[in-house]
Each structure stands twice: as C-alpha cells, then as structure tokens.
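See structure below.
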Amino acid sequence: MSADKLMYIGGEWVESNSGQDFESDNPATGEVLGTVPRGNADDIAAAVAAAKHAFPAWRDTPPDERGRWLLKIAEALREHAEQLAVVLAKESGHYLGKAQGLVEFTAQNVEFHAGLADKARGASIPTGPGRLAITRLEPVGVSGHIVPWNYPLFLITRSVAPAIALGNTAVIKPAEQTPLMAIALAEVIDEVGLPAGVFNVVTGFGEEAGAPLAAHPDVGSITFTGSVETGQLVMKAASAHMAKLTLELGGKTPVIVFPDVDVEVAAEVAMQGILSRCGQVCIAGSRLLLHDDIHDQVVERLVERFSQAKLGNTLDPDTQMGPLISQEQLERVEQYVEIGKQEGAELLVGGARPSDPELQKGYFYLPTLFGNVTSGMRIAQEEIFGPVLAVMRWSDEDEMIRQANDSPYGLAAAIWCKDITSAMRTATRLEAGGVFVNEWIGEDFKAPHGGYKLSGIGRENGFECIEHYTEVKHIAISLEAEKAENWCDAPL
Ligand code: NAI
Ligand code: MG
C-alpha cells in the first residue's frame, strides 16, 4: 500500500526502500493526518547521490540566478501560505494565527538568504608587494539538514536557504513528528521547478534516517537542531568524514527583571517567553529571575494570568496555546513537574493536564508556575521543553549574574530594565549567544543565532552562517617575473 505522501529525491516522488510507512498525527486531537514513507539508509544514500549529481551544475549557476530561485520560492510560499499554515497548525500544534505568521516569517527568511547568493565574498590579503593573495568562498557540496518538530517549516529554510543560495545542494531529514510539513514545502519547491536534486527530503526516524545522513561520507556540512544527546551523536558521526557542523541544542533562557520595570509588563513578558509555543522553543524563557522588590506582585499576576490562558484546537481562533507535540513530550513535562515538587519548589499554578475531555484527546498541559526555585534544582538546570516556568528571586546584581550563568546552556538571555547602564552591564556579563533587552525578539534571521556551552556550535542566520556553507580557498599569485629558488631553501 502506498503512503499518502511520498518523499522527494532527485525531483521525483518516491516510496522508501524499506517498503514501510509511518503516521503523522495532530497533537491537539490525536487524529492521524496521513502516512509517509519510513526512510532508511538506502533512501539517504539515494538522496545524497541525487544531491551530489546536481551539485556541479548548481554550483556553476550564476549566483544572482541562484538568488532568484530563492526569491521565487519565497513568492510561492506566500501564494500557498494558507494551505502551509494549516499543515503547520494541524501537524505541529502552532495555533493557526501563529502558523500564518510563521509562513510569512519563513518567506522573509528565504528572501534574506537569497541575497547572500551574490553578496558573500572573499578578501584580498596584504601578504607583501610581490604577491596577490585572495580568498574565494566555494560551496562545500552536499549539505545535510536534520530538523526538529517545533518549527518544522522555518527551521528547514533557516539552514537550507543559505546552503543552496551559496551553491550547495541539500538533503533534509525532517523530524518524525512533522514529516508532512517538509513534504508540503517540497511540493511548493517542486512546483517552482528548482533543478532536480538541489532540494531532497527523506522522511523517517532519527536512528534509521538521521544517523545515516550524519554519517554519509559525501555530506560536507551538517546542520542539526535538537537535543544535546542527539547532537553529540551527530557530532561523532560527522567526525568520521570531518563534515562541517552547526549544532543548535536548546537552552534554559533566563528572563531577568530589574526593580524599575512595571509589574504588568514583567508578567506579560514572562508569559511570552514561556507560554508562546507551549514552551517548546530552544530560546524559551524558562527561568524568571525577579528582583525582590517586585517579586511578589509579579508572581501574583502570573498565577492569575497563567490560569486564564486559552488552550484549544489549533484551528480555533480563540486558542492562545496549543498542545505539546507528543505523548513522549507530555510525559517528559509531567516527570519534570514531579521532580520540581520533590526538589521543594512550590507549585503555584498548573502542574496537570487540563480536565476538559476534548483537550485530553491531545497532548495538552496547563501553564505551570513554580516559585521558590533555586539555581541548583533540576527544574532550573535542565531543558523541560514545556509550559513550565521556574521563578527565582534576586537582590544583588552580582548574585543575579551568577544565577543567570549557572547553567550548562547559553543560548539566549532576556533583560528587562529601564536603566540603560544596568541593562548594558548585565548584557555584557551574560554567557549567552543572544541577549534581548526590553524586547522578546525570539529570532531575527538577519542577526546571528547560536549558543555558548551546551547550546551548541556555530551560528545560523546573518552573515555568520556563511562560514558553515562555504570552504575558504586561499589563492596566492606571484606578481614577480618567473624565478626559481634553490629547492632546499623552500620556506617550509
Ligand atoms: P532529537 O534531538 O532526538 O530530534 C531532533 C532531530 O534529530 C529529529 O529530526 C530526529 O529524527 C533526529 N534524530 C534523532 N536521533 C538521531 C540520531 N541518532 N542521528 C541523527 N538524527 C537523529 O529531539 P527530540 O527527541 O525530538 O526531543 C527531545 C528533546 O530535545 C526536547 O525535549 C528538547 O529538550 C530538545 N529539543 C530541542 C530543540 C531545539 O529547538 N533546540 C528542538 C527539538 C528538541
Ligand atoms: Mg529523540
């Protein structure tokens, strides 16, 4: 029996060599949305071969023309925005309004990276009067992209758009929770007519399809977003053939609130940080560091407002917060809530699944607030990836910095503070790849994104991503008349 949707390899829609399919479900309802092929190492090999075959012609396509292909893809994303947003809402649990915004964000992301195609450039290096030394940025070849389920559309383009803009071809392994989103994107790209083999999608599970992609000797660069444990496996696999590697592995973002901030504003931003996308965001503001002077007032508002958040079907216009992605993720959140209680944190609100039987068909969990959290607790140290906020208090600035940096992660940090000197002093002292001051930026693809410590290696977005998708070639040319040195006097 054929799967409902097929994978996309070398411009063709294909079944898996495994002969097996798997289901993708709606996390808000438990309903099966469709079946897709269960890709394996043979399918990865076929996709890498297709990408390798397509590479020379794509590399040699004039850069402005490559950029125009990406602009066409961005336009097509907009033309199909409504249908893509529905897939995103149904399969990954973003409520529809958010999903629509994310499709537009994705189109803009593709446009930004389109511009890199003919703007990423090398340098000329002053090595002395007798020589012209230049660098040339060349594409790496086949790029591999292992993508998670939390932003299953945007996170494909975040890495694939710069990769193909810069002349690489791409093999994508979407998360097993969200294969239909990747296929929907492939349908748009197929309709645009991008040359066959430039963009390939193999649907499947991590160990069966992700691992062989990371280990494939013809894959020159790997971009991975997901858990630390899997990131470490990918890194090991990539080391066998020295693939370039970008790892974005999540975090434990501190949201630091100074005493000069309005308590209503503080409550709003705390909610934005942790409840948007149900806490399943790499940069989720999962630690709230409140100054003593406003601590009680902000907590009081949060208790009230957490209990008012509207959970519901992602297609319902009233919904403010969707479900967790899976039963596995739900159980993980439940376990952490138990851990928090055992550690002595005070459960202030939430801490359970909603009682509505309609919501119990999906993987919903109530917005959950823990007070009296101390930095050493596991709920303050480990990434929960759910709507669970750990509140800590501070009075001394040095102590607050120590708390904020007391984390194995270092992806992002947020500061709310009217006094510019305190805000900027704090920003420079935090161990984080991104610091937002008085604004919950989330992610801006024009600026670099990536983490310190366990949060990963390398930077995506901005001009910083160029390094990952190009090799730097140094070409040294003598400007002097032909001359031969005594062979044994060679400088090295
Ligand atoms: P995961 O890291 O296992 O999965 C992410 C991607 O890696 C998926 O496409 C998966 O199929 C693939 N994968 C899994 N095992 C692999 C392997 N051995 N080799 C190559 N690829 C493999 O993350 P998972 O299980 O979905 O979620 C677990 C936790 O990871 C979450 O609770 C959260 O803490 C973190 N996470 C962080 C994300 C972020 O945005 N940084 C995104 C998703 C998860
Ligand atoms: Mg996993």
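Order of appearance sets the numbers: ligands from 1, and atoms from 1 within every ligand. Because the structure is a prediction, the values reported are computed rather than measured.
- With atom 43 (C) of ligand 1 as the reference point, the heavy atom nearest to it among G204, P148, A284, G144 is part of P148.
- Residue-ligand proximity, L249 to ligand 1, at heavy-atom distances under 4.0 Å covers atoms 41 (N).
- Close approach of ligand 1 to T230 is summarised as follows: ligand atoms under 4.0 Å from at least one heavy atom of the residue are 1 (P), 2 (O), 3 (O), 7 (O), 13 (N), 14 (C), 15 (N), 16 (C), 17 (C), 21 (N), 22 (C).
- Residue contacts with ligand 1: E383 is placed with a nitrogen or oxygen under 3.5 Å of a nitrogen or oxygen of the ligand (distance criterion only).
- If you check the side chains of H80 and E187, you find no donor sitting under 3.5 Å from an acceptor.
- Judged purely by distance below 3.5 Å, without hydrogens or angles, the side chains of E346 and N372 pair a donor atom with an acceptor atom.
- Using modelled atom types, one finds no donor on one side chain facing an acceptor on the other under 3.5 Å when comparing S18 with N40.
- For ligand 1 and E248, the ligand atoms under 4.0 Å from any heavy atom of the residue are 41 (N).
- Q329 and Y363 share no donor-acceptor pair across their side chains, judged by distance under 3.5 Å alone.
- In summary, the side chains of E91 and S24 do present a donor paired with an acceptor at a separation below 3.5 Å, with no hydrogens or angles considered.
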Apply the test salt bridge (Lys or Arg N to Asp or Glu O under 4.0 Å) to residues R38 and E208: give CA-CA distance (whole Å), side-chain angles for both, the deciding distance (0.1 Å), then the verdict.
CA-CA 8 Å; R38 183 164 172 168; E208 295 169 8; 2.7 Å; yes

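- No part of Y151 comes within 4.0 Å of ligand 1, judged by heavy-atom distances.
- Screening E464, R459, E460, E248 for a side-chain hydrogen bond (donor to acceptor under 3.5 Å, both in side chains) with H449, the sole residue that qualifies is E248.
- Geometrically, ligand 1 and E176 share a nitrogen or oxygen pair separated by less than 3.5 Å.
- With a heavy-atom cut-off of 4.0 Å, Q329 touches ligand 1 through its side chain alone.
- Taking every heavy atom of G210 and a limit of under 4.0 angstrom, the matching atoms of ligand 1 come to 19 (N), 20 (C), 21 (N).
- In L155, neither the side chain nor the backbone holds a heavy atom less than 4.0 Å from any atom of ligand 1.
- Atoms of ligand 1 lying under 4.0 Å from any heavy atom of V147, numbered from 1 in the order shown and given with element: 6 (C), 8 (C), 9 (O).
- Side chains of K98 and S276: a donor-acceptor N/O pair is present below 3.5 angstrom, by distance only.
- Taking a cut-off of under 4.0 Å to the non-hydrogen atoms of V234, the atoms of ligand 1 that pass are 20 (C).
- Of all atoms in ligand 1, listed by their number and element, those nearer than 4.0 Å to a heavy atom of G250 are 41 (N).
- The heavy-atom pair separating S159 from T223 by the smallest distance is CB-CG2, 3.6 Å.
- Within the structure, the closest approach of F224 to ligand 1 falls below 4.0 Å when heavy atoms are considered.
- Taking a cut-off of under 4.0 Å to the non-hydrogen atoms of L233, the atoms of ligand 1 that pass are 18 (N).
- A salt bridge links R78 to E104: one of the charged nitrogens lies within less than 4.0 Å of a carboxylate oxygen.
- Of the options A182, A211, G279, S227, the smallest heavy-atom separation from atom 2 (O) of ligand 1 is shown by S227.
- Residue E328 places no N or O, backbone or side chain, under 3.5 Å from any N or O of ligand 1.
- Between V281 and ligand 1, a contact under 3.5 Å exists for no N or O pair.
- With respect to E31 and K361, no salt bridge is recorded, no charged nitrogen being found less than 4.0 Å from a carboxylate O.
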